[in-house]
Amino acid sequence: MLIRSFPAGAFGTNCYAVAPGPGQECVVVDPGMDAVEPLARMLAEDGLKPVAVVLTHGHLDHTFSVLPVCDGYDIPAYLHPDDLGMLSDPARWHGPALAPLITGVRLPDPSDVRTLDDGAVLSLAGVDLTVRHAPGHTQGSVMFSVDLGEAPGLLAGDVLFAGSVGRVDLPGGSWDAMLASLRDVVLPLDDETVVLPGHGPATTIGRERATNPYLAEAAQAPAKGRGL
C-alpha cells in the first residue's frame, strides 16, 4: 500500500493519498486549506489518479479544498451525514475564532457529497476503507481502517493524535462522546495499528495505549451511551 501525505495550510492538516502502488488510482483524504497545488504535485510524483475524496469530518481545515479538488478531477466526496451541515453552514460549527477565515469560502453543496455509514467498507481505487464512526470532536467524525500490508492502518482524522486527542470545545463537540469513541472504537484496535492522524506525526495504537493520558482516562470510563 502506498501512503503519501503533506501538511496543508496554516493548520498543518495532513492531506493523504492512499493507493495500491505508484502509477495507480488513489483516494484523497482531507484536502484542507491551500491543498490544491501541493496535492497535484504529490500525485504527479507517483503518477496517481484520484477517484474520490473521503473526509474524516466537516471542519474547514479538512474540507477547504474539497470543491476545487472534486471539480478538478471530476470525483465525488464522502462525509458522514452528521457533519453535512458543516459544508452548507461552516460558520455555525467553527466558532468565532475562525470566522475571519470562513468569509467568502465556497464549499460543495451537500447534495454533491455521498454519505458514509458506520461499518461500511468503501472499495475505491483498489483500496478498502472501513468506516468507523467516532463522534466527539464532531458529531460525524469518522476514522478509516486500511490494510497497509505490513500492519493495520488507521486514518484517524482529529480523533486521535500522537500524545493527544481532538478538541471538543467547538459546536457539536462532546467530551463524553469522545471518551466513548476512544473506549469503544480506538482501544479495541491492535497495538500494531499505525495511526495516521489529521495533524502531527504518525504513531501506533500500542504507543498511545501506553503513553496517551486521554486513552488511559477512556479505559477507565464507565460503559454508557455516547452523549452528543
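All heavy atoms count here, side chains included; hydrogens, waters and symmetry mates do not.
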Quick one: does [X]'s side chain get under 4.5 Å of [Y]'s, heavy atoms only?
X	Y	answer
P50	C26	yes
E208	V186	no
V29	L55	no
C70	P76	no
F161	D158	yes
L48	P22	no
T13	H59	no
K49	Q24	no

For [X] against [Y], the heavy-atom pair lying closest together:
X	Y	answer
V127	P20	CG2-CD, 3.9 Å
A151	V194	CB-CG2, 4.2 Å
S181	P135	OG-O, 2.6 Å
P31	C15	CA-SG, 3.8 Å
P201	A162	O-CB, 4.0 Å
R183	P188	O-CD, 3.4 Å

Group every Ile, Leu, Val, Met, Phe, Trp and Tyr by side-chain heavy-atom contacts under 4.5 Å, then state whether [X] and [Y] land in the same group.
X	Y	answer
I75	L79	yes
L129	L189	no
V69	V54	no
V28	L2	yes
L43	V36	yes

Is the side chain of [X] donor-acceptor paired with the backbone N or O of [Y] at a distance under 3.5 Å, no angle test?
X	Y	value
N212	Y214	yes
T63	V66	no
R209	L187	yes
D83	G140	yes
E217	L179	no
D190	E192	no
D30	G198	no
Y16	P197	yes

Exercise for review: Could you walk me through whether V159 and V165 pass side-chain contact (heavy atoms from CB on, under 4.5 Å), step by step?
Suggested key: CA-CA 6 Å; V159 177; V165 297; over 6 Å; no
Review point. Is it the case that more than 12 heavy atoms not belonging to D74 sit under 6.0 Å from its CG atom?
Key: no
Let me confirm one number: the [atom1]-[atom2] distance from [X] to [Y], rounded to the nearest 0.5 Å.
X	Y	atom1	atom2	value
I3	L155	CD1	CG	6.0 Å
S65	L39	OG	CG	8.5 Å
T204	L154	OG1	CG	11.5 Å
D128	S145	CG	OG	11.5 Å
H80	L116	NE2	CG	7.5 Å
M42	R4	CE	CZ	8.5 Å

Check your understanding: Strictly by modelled atom types, are D118 and H133 linked by a side-chain donor-acceptor pair under 3.5 Å?
Key -> no
Check your understanding: Among V53, L124, T115, V142, which residue meets the side-chain contact (heavy atoms from CB on, under 4.5 Å) test with Y78?
Key -> L124
**Study point:** Test log, rule side chain to side chain donor-acceptor pair (under 3.5 Å), inputs D61 and H199
**Key:** CA-CA 10 Å; D61 61 320; H199 302 267; 3.2 Å; yes
Exercise for review: Please step through side-chain contact (heavy atoms from CB on, under 4.5 Å) for the pair L84 and V113, ending with a clear verdict.
Suggested key: CA-CA 8 Å; L84 286 178; V113 179; 4.1 Å; yes
Check your understanding: Is it true that H57 and H137 have ring centroids separated by less than 6.0 Å?
Key ->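 They qualify: ring centres under 6.0 Å apart.
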Practice item. Report the C-alpha separation of M33 and L60 in whole Å, then their side-chain angles, then the decisive distance to 0.1 Å, and conclude whether the side-chain contact (heavy atoms from CB on, under 4.5 Å) test is met. Key: CA-CA 8 Å; M33 293 182 170; L60 201 65; 4.0 Å; yes
